[in-house]
Chemist: 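Take a look at this one; I'll ask things after.
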Amino acid sequence: MTHTPTEPELPAEETPELRAAQADAQAIANDVVARVLARAGTARADGGTVHTAADGDQLELEERTALRRVAGLSTELEDVTEVEYRQLRLERVVLVGLFSGGEHAARDAEISLRELAALAETAGSQVLDGLLQRRQKPDPGTYLGSGKAVELAQVVLATGADTVIVDSELAPSQRRALEDVVKVKVVDRTALILDIFAQHAKSREGKAQVELAQLEYLLPRLRGWGESMSRQAGGQVGGAGAGMGSRGPGETKIELDRRRIRDRMAKLRREIVAMKPARETKRLSRKRNAIPAVAIAGYTNAGKSSLLNSLTGAGVLVQNALFATLDPTVRRTKTEDGRVYTFTDTVGFVRHLPHQLVEAFRSTLEEVGDADILLHVVDASHPDPEGQIAAVREVLSEVPAFDKVHEIVVLNKADIADPTVVGRIQRRERHTAVVSAHSGEGIAELRARIAAELPRPGVHVDLVVPYDRGDLVHRVHEHGDIELTEHVAAGTHLRGRVDEQLATELRQVAVAH
């Protein structure tokens, strides 16, 4: 039977005056959300993403925007106990957060709530209102406390929201208790980020990593009610003493679900491990050929993909949304003097990034530890760029050999940033570069700086390579640092610096001159 969604019936006590008040509250909430996003330093306030010629055709963006959510399909729960088994679909949401302490804590909580609003927009929802409560620590029952939970239920009713998003990770019991009070679906920050990752993952490995993180999050949050909690006897079921098959508990539905999830998680881990050799083979190939690597990391929506496009013309997706691109992109490019090196664009970071995602994407983050230079991209126009830097470094500190990588803090969006903020960060950080991937400001200087700081070959050679070994001459031009090239009777005379392996091969074929 097909069920046609209908508009929920209005409460009997609702009057035209109440409807007018709700419409006014909706208009005010929309204005507040617009100002919140504008003050958050995102380009959403100017109407969307503005592309430049360096961004390419952006075909993936057309594909992504071709699928839109349909408004007006209510997700209000008739039976809140069914929330665990429903697909996450966010439409009209109210945001909730807590803070403890003074003015500084309130400012940090407000910035975090603005970021949550941007996350909710990226997931395809409409933000109606946002609430912040000052509380020393979350209530173990309803997170907000019983009184504030009732107030939240009134706000949900007045705005017509169908989902509440909490700016924290909720314990399963807290989410159940809060849902029982507000009577709509409650989603925490972790579930929201996982939903965005699930929407935007493209590669086979990325999809497997996201699904593994989702299952790790879901496993401790399964619950059952009524028949799904009953013991199931097998075989000849009857009353007490009914014989074989009736003794002992069978597997409950929730136990069956947990077993299936664990089996699926084990399979995904095996698949991810099986994908690792292919990635390592490519990485070892670059090492064997002595190709230097530059990794791009940073906070989500800081402009990593735009910077990659500006530096290499990669044409990867650029969108003014959090976690718009998840799959790492590797591009080859050359310095002005012809040396080849690679750029790797990694996954973005965010405050309170779910630990499930950090574990699932650990293999992707290893690209940072293997890089020769790390471009740490920061949105210099953001209200709290130092907080972004700290959040990224907190995650990267878990990557092996991260402390040995040369880090350059790239202050992006300099065309709209406050110069005093840029100067403050430059005084705090040892190695900085100020650029604007959108306008092109500082890109040439950054490219020259990367070329100057890339590792150079360590073995000096001065020899003649016979003409029939042009392949070695090509490798010297591609990977070496050449001081002299001239053609003599015996072959090509080369003088410069190369890596140790190439130097050995050159000496084996060199001829006298």
Side-chain angles (χ1 to χ4, degrees), residues 41-44 46 48-62 64 291-349 367-368 371-382 385 388-389 392 406-417 419 421-422 425-426 429 431-454:
T42 68
R44 269 196 194 85
D46 60 19
T49 308
V50 179
H51 291 96
T52 64
D55 293 329
D57 294 334
Q58 296 295 301
L59 298 178
E60 188 179 343
L61 181 60
E62 295 180 11
R64 178 171 295 180
I291 301 178
V294 178
I296 302 177
Y299 212 77
T300 181
N301 210 32
K304 298 184 296 300
S305 298
S306 298
L307 183 64
L308 180 66
N309 288 341
S310 298
L311 290 170
T312 67
V316 298
L317 173 69
V318 171
Q319 186 179 12
N320 181 40
L322 278 65
F323 300 114
T325 51
L326 296 180
D327 300 317
T329 302
V330 180
R331 291 290 185 271
R332 288 167 64 100
T333 187
K334 292 184 178 181
T335 61
E336 291 294 331
D337 56 1
R339 287 179 293 148
V340 175
Y341 66 102
T342 62
F343 272 108
T344 303
D345 182 17
T346 62
V347 66
F349 302 97
E367 296 285 350
V368 175
D372 298 292
I373 298 176
L374 170 64
L375 299 185
H376 182 168
V377 184
V378 180
D379 180 0
S381 66
H382 192 271
Q388 289 191 347
I389 294 173
V392 171
H406 177 59
E407 179 186 18
I408 300 176
V409 177
V410 181
L411 302 176
N412 193 24
K413 306 185 184 179
D415 53 331
I416 58 174
V421 175
V422 173
I425 300 175
Q426 286 180 308
E429 301 295 333
H431 306 286
T432 60
V434 181
V435 305
S436 171
H438 178 68
S439 67
E441 174 188 346
I443 295 297
E445 292 81 358
L446 177 60
R447 189 180 287 113
R449 181 169 178 178
I450 292 171
E453 298 187 8
L454 283 174

Chemist: Determine yes or no for a side-chain-to-main-chain donor-acceptor pair under 3.5 angstrom, with Asn412 supplying the side chain and Ala302 the backbone.
Modeler: yes

Chemist: Test of understanding: with side chain to side chain contact (heavy atoms under 4.5 Å, CB included), list the residues that count as partners of Ala451, not counting sequence neighbours.
Modeler: Thr335, Arg339

Chemist: Strictly distance-based, threshold 3.5 Å: is any side-chain N or O of Ser310 a donor or acceptor partner for the main-chain N or O of Ala437?
Modeler: yes

Chemist: Answer whether the closest heavy-atom distance between the side chains of His438 and Ile416 falls below 4.5 Å.
Modeler: no

Chemist: Can you name the nearest heavy-atom pair linking Ala371 to Ala295, along with the distance?
Modeler: CB-CB, 3.7 Å

Chemist: Distance check, rounded to the nearest 0.5 Å: Glu407 atom CD versus Leu375 atom CG?
Modeler: 9.5 Å

Chemist: Which one of Val294, Ile443, Val435 satisfies the side chain to side chain contact (heavy atoms under 4.5 Å, CB included) criterion with Leu311?
Modeler: Ile443

Chemist: When rounded to the nearest 0.5 angstrom, what distance separates CG in Asp345 from NZ in Lys304?
Modeler: 6.5 Å

Chemist: Taking side chain to side chain contact (heavy atoms under 4.5 Å, CB included) as the criterion, tell me which of Val421, Asp379, Val422 meets it with Pro385.
Modeler: Val421

Chemist: Can you tell me how far the OG1 atom of Thr312 sits from the OH atom of Tyr341, to the nearest 0.5 Å?
Modeler: 8.5 Å

Chemist: Test of understanding: with side chain to side chain donor-acceptor pair (under 3.5 Å), list the residues that count as partners of Thr333, not counting sequence neighbours.
Modeler: none

Chemist: Rounded to the nearest 0.5 Å, what separates atom CG in Leu454 from atom CG in Asp372?
Modeler: 7.0 Å

Chemist: Have a look at Val410 and tell me which of Ile296, Leu307, Val378 forms a side chain to side chain contact (heavy atoms under 4.5 Å, CB included) with it.
Modeler: Leu307

Chemist: Can you list every pair that meets salt bridge (charged side-chain N to carboxylate O under 4.0 Å, His left out) and has a residue in residues 444-453, with sequence neighbours left out?
Modeler: Arg449-Glu453

Chemist: For Glu429, which of Ile389, Ile408, Leu411 qualifies under side chain to side chain contact (heavy atoms under 4.5 Å, CB included)?
Modeler: Ile389

Chemist: Using 30° and 60° as the class limits, which term best fits the ring planes of Tyr299 and His382: parallel, tilted or perpendicular?
Modeler: tilted

Chemist: If you look at every heavy atom in Leu374 and Ala297, which pair is closest and at what distance?
Modeler: CD1-CB, 3.7 Å

